[in-house]
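Shown next, in structure tokens, is the structure this report addresses.
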Amino acid sequence: MFTNLPILLAAGHAGANFPRVLTVTLIFTTALIVVHLVWTIARPKRPGPRKRWGIWESLVYIGALGCVLLLALTSFGAMARFGAIGGWALFVHMVGAGMFTTVLPVIALTWAAAHWCCCDCRDKTEMNPCRGDDEAEGHTVGNEPTVGHFFWLAKLCFWTILAAGWVVTMTMLISMLPLFGTDGLNALLNVHRYAGLIVVVALILHLYAVVLRCVGLR
Ligand code: HEM
């Protein structure tokens, strides 16, 4: 079964279906955000003051948003307009690709600790790695209880971005090695497309979660 995987992935329908999958996924993501927003506004929480981001953390986040936006516009935009990426769109995509490949490990190093916690953080001790990075009550700056940077949605999206971002990068890097035939390269391109879509959706949801935190709704 698995020996046929590259052929199945390379098969016309996997790539031909991508524009439809892209449209449906983006509509579904928007709908999800609207429903979650309505639900959040209907059940407001009082999270308390939030922790502030440092300049470096903000720059890394803005850098990640910038290069994923560039990569998404050049690839999805070119596909929508011309049916495939090429010419200047591909040139700009490759500039964004270089930036993304550099930024991805920097994001991991800068933000991993703040997204690490997966417990409810009620048991806070000096040894607890979650300390200061969660939304539970009880963390303090001075005497002020604060909420952490991220809630569960942002944490889930962060690790998804790292995993899918790695796949996006590796699929194109290993395509440059003289290891694959036409079917193999088509399969890698299809995996690249879908992994890229996952990165874009996860980043949109992450940004939404950050905005919710900033405006004090979570
Ligand atoms: C979130 C990030 C990214 C997204 C959303 C994305 C998306 C895409 C999509 C949808 C295509 C297919 C376009 C088509 O079918 O004509 C594509 C092509 C391509 N991407 Fe990306 N990409 C991303 C990151 C990267 C990175 C990091 C690299 C390099 C390391 C890269 C290199 C390429 C190349 C070389 C092509 C052209 C492949 C070909 O036509 O044979 N991309 N990308």
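Residue numbers count from 1 along this sequence. Computed from heavy atoms alone, side chains included, the values below leave out hydrogens, waters and symmetry copies. Just so you know, ligand 1 is whichever comes first in the structure, and atom 1 is the first atom listed for that ligand.
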Query raised in the report: Can we call the ring centroids of W111 and W53 under 6.0 Å apart?
Result: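 Yes, the ring of W111 comes within the 6.0 Å limit of the ring of W53, centre to centre.
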**Report entry** Ring centroid separation F18 to Y194 under 6.0 Å
**Finding:**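 Distance test on ring centres: under 6.0 Å, yes.
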Requested in this report: Please report which non-hydrogen protein atom sits nearest to atom 37 (C) of ligand 1, along with the residue it belongs to and the distance in Å to one decimal place.
Outcome: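 That would be L90 CD1, 3.8 Å.
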**Report entry** atom 35 (C) of ligand 1: the protein heavy-atom neighbour that sits closest, reported with distance to 0.1 Å
**Finding:**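 I find the closest protein heavy atom is M94 SD, 3.5 Å.
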**Report entry** Within-2.8 Å protein N/O/S contacts of atom 21 (Fe) of ligand 1
**Finding:**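 Within the sphere that stays under 2.8 Å of atom 21 (Fe) of ligand 1, the protein atoms of type N, O or S are H93 NE2, H192 NE2.
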Find out if a path of hydrophobic residues (ILVMFWY) with successive side-chain heavy-atom gaps under 4.5 Å connects [X] to [Y].
X    : Y    : answer
I204 : L70  : no
M79  : V168 : yes
V210 : I41  : yes

Query - Where at least one partner belongs to residues 19-40, residue pairs that pass ring pair (Phe, Tyr, Trp, His ring centres under 6.0 Å), sequence neighbours excluded - result: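 As it turns out, the ring pair (Phe, Tyr, Trp, His ring centres under 6.0 Å) pairs with a partner in residues 19-40, which skip direct neighbours, are H36-W39, H36-Y208.
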Query raised in the report: Does anything in residues 170-192 pair up under ring pair (Phe, Tyr, Trp, His ring centres under 6.0 Å), and if so which pairs, sequence neighbours excluded?
Result: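 For residues 170-192, and leaving out neighbouring residues, there are no ring pair (Phe, Tyr, Trp, His ring centres under 6.0 Å) pairs at all.
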Against heavy atoms of [X], which atoms of ligand 1 measure under 4.0 Å?
X    : answer
F76  : 5 (C), 10 (C)
M79  : 10 (C), 13 (C), 14 (C), 15 (O), 16 (O)
V199 : 1 (C)
F100 : 27 (C)
A84  : 16 (O)

Requested in this report: Report yes or no: does W159 contribute a side-chain atom to a donor-acceptor pair with the main-chain N or O of H115 at less than 3.5 Å?
Outcome: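 Yes: the side chain of W159 pairs with the backbone of H115.
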Query raised in the report: Applying a 4.0 Å heavy-atom criterion (strictly less than), which segment of L189 is in contact with ligand 1: side chain, backbone, both, or neither?
Result: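 The answer is the side chain of L189.
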Report task. Quick one: which residue pairs count as a side chain to side chain donor-acceptor pair (under 3.5 Å) with a foot in residues 76-97, not counting sequence neighbours? Result ->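 Sorted pair list: T74-H93.
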Report task. Identify the two heavy atoms, one from L71 and one from A97, that lie closest to each other, and give their separation to 0.1 Å. Result ->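 Shortest heavy-atom separation between L71 and A97 comes out as CD2-N, 3.5 Å.
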